[in-house]
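A short write-up of the structure that comes next.
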Protein chains: 2
Amino acid sequence: MVTMSDVAREAGVSVMTVSNVLNERLPVGAPTRARVLAAVEALGYEVNLTARHLRAGRTDTVALIVPSFHDYFGEVADQIAPLVEAHGRHLVLERTSASAQHEMEAVSVARLQLYDGVLLSVAGLDPEQLSRVRTSKPIVLLGERDVPDHFDHVRLANEEGARLATAHMIERGSRRILALGCTLDRTHMMTSDRRVGWEVAHRDAGLPVDDRYVVPIATYSSETARSTLLDVIASGLPFDGIFAATDVIALGAVAALASRGLRVPDDVQLAGFDNLEVSSFVPPGITSVDPNHRGVAQHAVGLLHRRMAGGDGPAEHVVAPVSLVVRGSTRGGR
Amino acid sequence: MVTMSDVAREAGVSVMTVSNVLNERLPVGAPTRARVLAAVEALGYEVNLTARHLRAGRTDTVALIVPSFHDYFGEVADQIAPLVEAHGRHLVLERTSASAQHEMEAVSVARLQLYDGVLLSVAGLDPEQLSRVRTSKPIVLLGERDVPDHFDHVRLANEEGARLATAHMIERGSRRILALGCTLDRTHMMTSDRRVGWEVAHRDAGLPVDDRYVVPIATYSSETARSTLLDVIASGLPFDGIFAATDVIALGAVAALASRGLRVPDDVQLAGFDNLEVSSFVPPGITSVDPNHRGVAQHAVGLLHRRMAGGDGPAEHVVAPVSLVVRGSTRGGR
DNA sequence: GAAGCCCGTTTTAACGATATTGTCTGCGAA
DNA sequence: TTCGCAGACAATATCGTTAAAACGGGCTTC
């Protein structure tokens, strides 16, 4: 490996002069500078980022830590990357498999040292565990779980989104709307917040709230959603609308409905959450709550950037606004 | 920051003893060992990975460098992660936006130092550029572009997959099959290899090959595919089957067909490539070539692991076999 | 009883960069 | 002539760790 001192020897100068030429810290005389650059070129020298990091304490790298790489998180990551790069830093992704243990390791003191800042998409850790994190580097949390107050946090307007979607279907005639993939518990998590929105929409419309219509699912996959919905259909519970907690779930619902000959939106209206790219292409187009990836990304990176620049104000808790994208799966959509 | 020498002082031993306790290199006496561990606990010491890396020349980290984080690459990444972790290493993802420049930077000497090995999904670099890469660390290439012989490389059986899909539709009655998203040129890239498979299937069946049925698209998005197919329909070119170069394209095709009232598979059979998860849920289920993510991941990680372990045999060029998953979008599927 | 050896531990020397301080030269002002 | 000062470069210490060699005391071995 070619080191700075190789270059220095080749150019007949000291290592610091090489460093000064390359980093433009202290001024270097033109002839010396030229010799150094020539030597760099001749030897093909490139800086050792690890050594720089050890000495300078800066990596120019930000980590985005997500439960998995696909679907929602992949899309968010693609939004975040250019924003981080706009600040002259690199973005790397790490994966936790949504396990609390992996998330804890990812924000351990040891791993945090590798980055100037971290965006952590919380899936497994509860507030109590999070409060035990020794936060030696700027961390901004993403996601729909509750987090301790002292963390910067960006989350979606889950309740409002679910309310919008449900109210829309009520307005378009649905009276028995399943909350597929939602949960009844009161922990502030994505699935319960969205259920609350579903509930609020019912109350607002003066409709009764029937807990039998809240249908949790075991895992958040399309396949589980499909089979769960088939069970509901088989049970004979009458319904004419489905609010799916995520578009992945909505997709499973689409498959289940189609296989039972139920027409969307004529027999059953359907709305999802996440506005995945596929949702606009699956006939008849799935009405979905747009989570505003760009906005989330901008808020998150903005907060992180402020911290990395040394900002030390109180932690901010951003609730990113969402909007409803109406498509053919609800009546009146195209 | 708590360092090893802080721990050493606390425990009344030298730093090397601390290191030996923590890394279990040289044996340490039980009482000393206990004192060290107590000190580690008391001070909350965690190793500085950067310093370790600088000294030991090992990061225990593998990078997967992809054009973008979503869809195909996100799914592959999720397959690769556990395999890398099984070898006791971490996986991180980086993104290149499919730009040749970013790909080149990602495998620069400087950046390669940060990892023990790299999996590079080639999208922007041509063989000539790749041959200029100074390969200071093990690199395994992924993807459908041609690459220089001296690189380990894992690619899909693109031609065979396209042939399978097309032959299947021919067998089930289609006679005029669009090759949507394929290209006519002869560079060995994904889009041309898949077109060749489409062509071979026609020849095998004794059907004429009509270049008008090869329909390239400007960008590989569902939206572009949708509008391109609408143009084809408007042009009046008669067709009764579509081989879509990717499932993302197939998805756009589904939307276009639906919006024109064309029924799948009755009026038009449709087959895609990639077997994305969504493809099994979009009614009536999209027949697709399964790219065998698991197999690709296993081959790639296997090759990389061998190199990282010091293996120095000749470069291997693996063509991972693919298979056809028949669904409702072709006749006879369910 | 000298030589060798084992064990547990310390000492020394890197790894490759950067921050800080120091040295030398040349030039202008007093 | 002397002093001061700035500019250009060099020397040295340092970041936190690990590899390798040195050490020293007790024990075996002949």
Side-chain angles (χ1 to χ4, degrees), chain A residues 1-40 43-61 108-116 136-137, chain B residues 1-40 43-61 108-116 136-137:
Chain A
M1 171 191 289
V2 182
T3 74
M4 242 187 204
S5 76
D6 295 329
V7 175
R9 195 176 323 111
E10 172 83 9
V13 298
S14 74
V15 281
M16 265 323 286
T17 300
V18 177
S19 176
N20 283 327
V21 167
L22 296 179
N23 299 313
E24 295 178 329
R25 268 175 51 87
L26 301 182
V28 175
T32 315
R33 177 189 176 72
R35 282 214 317 286
V36 168
L37 291 175
V40 165
L43 300 180
Y45 168 80
E46 294 189 36
V47 69
N48 182 320
L49 294 171
T50 304
R52 166 179 292 173
H53 176 202
L54 177 60
R55 182 63 240 239
R58 163 182 54 92
T59 62
D60 296 326
T61 301
S108 67
V109 173
R111 300 276 290 285
L112 283 180
Q113 292 166 341
L114 297 175
Y115 306 110
D116 288 349
S136 56
K137 282 282 174 65
Chain B
M1 168 191 290
V2 183
T3 73
M4 246 188 202
S5 77
D6 295 329
V7 176
R9 194 176 323 113
E10 173 85 9
V13 296
S14 73
V15 279
M16 266 320 287
T17 299
V18 178
S19 176
N20 284 328
V21 167
L22 295 179
N23 300 312
E24 296 179 330
R25 266 176 51 86
L26 302 182
V28 174
T32 316
R33 176 188 177 73
R35 281 215 316 286
V36 168
L37 290 176
V40 165
L43 301 180
Y45 167 80
E46 293 189 37
V47 69
N48 182 322
L49 293 171
T50 305
R52 166 181 290 173
H53 177 201
L54 177 62
R55 180 64 244 236
R58 164 181 53 93
T59 62
D60 296 326
T61 301
S108 67
V109 173
R111 299 276 291 285
L112 283 180
Q113 292 167 340
L114 297 175
Y115 306 111
D116 288 351
S136 54
K137 284 282 174 65

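Naming: A, B, ... by sequence-line order, numbering from 1 per chain.
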message = Just to verify, what does Val15(A) make a side-chain contact (heavy atoms from CB on, under 4.5 Å) with, not counting sequence neighbours?
response =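 Only Met4(A), Ser5(A), Ala8(A) meet the side-chain contact (heavy atoms from CB on, under 4.5 Å) criterion with Val15(A).
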Interatomic distance, [X] [atom1] vs [N] [atom2] [rounded to whole Å]:
{"X": "Leu49(A)", "N": "dT18(C)", "atom1": "CG", "atom2": "C1'", "result": "14 Å"}
{"X": "Leu22(A)", "N": "dG16(C)", "atom1": "CG", "atom2": "C1'", "result": "13 Å"}
{"X": "Arg9(A)", "N": "dG16(C)", "atom1": "CZ", "atom2": "P", "result": "12 Å"}
{"X": "Asn48(A)", "N": "dA14(C)", "atom1": "CG", "atom2": "P", "result": "17 Å"}

Thr50(B) and side-chain hydrogen bond (donor to acceptor under 3.5 Å, both in side chains): which partner among Gln113(A), Arg52(A), His53(A)?
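In the set Gln113(A), Arg52(A), His53(A), the residue that makes a side-chain hydrogen bond (donor to acceptor under 3.5 Å, both in side chains) with Thr50(B) is His53(A).
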First contact, last contact: which nucleotides of DNA chain D are these for chain A, 5' to 3', heavy-atom distance under 4.0 Å?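 Extent of the interface on DNA chain D: dA8(D) to dG16(D).
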Quick one: on DNA chain C, does Arg55(B) or Arg58(A) contact a more 5' nucleotide (nearest heavy atom)?
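Per heavy-atom nearest nucleotide, the more 5' residue is Arg55(B).
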Please tabulate, for side-chain N and O atoms in residues 26-39 of chain B, each donor-acceptor pair with protein atoms closer than 3.5 Å (sequence neighbours left out).
residue: Arg35(B); atom: NE; partner: Ala11(B); partner atom: O; Å: 3.0
residue: Arg35(B); atom: NH2; partner: Ala11(B); partner atom: O; Å: 3.3

Q. Taking only residues two or more places apart in sequence or in another chain, which ones pass side chain to side chain donor-acceptor pair (under 3.5 Å) with Asp116(B)?
A.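 Thr59(B).
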Checklist entry - Under the 3.5 angstrom rule, does the side chain of Asn23(B) hit a backbone N or O of Asn20(B) as a donor-acceptor pair? => result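 Checked: no pair found.
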Would you indicate whether the side-chain heavy atoms of [Y] and [X] approach each other to under 4.5 Å?
{"X": "Val13(B)", "Y": "Val18(B)", "result": "yes"}
{"X": "Val109(B)", "Y": "Tyr45(A)", "result": "no"}
{"X": "Met1(B)", "Y": "Ser136(A)", "result": "no"}
{"X": "Asp60(B)", "Y": "Arg58(B)", "result": "yes"}
{"X": "Glu46(A)", "Y": "Val2(A)", "result": "no"}
{"X": "Glu10(B)", "Y": "Leu43(B)", "result": "yes"}

Between the two ends of the helix from dG1(C)-dC30(D) to dA30(C)-dT1(D), what is the bend in degrees, rounded to 10 degrees, where each end axis spans five pairs?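 Helix axis angle between the two ends: 60°.
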5' to 3', nucleotides 4-10 of chain C under a 4.0 Å protein heavy-atom cut-off (B base, S sugar-phosphate only, - none) gives ----SSB
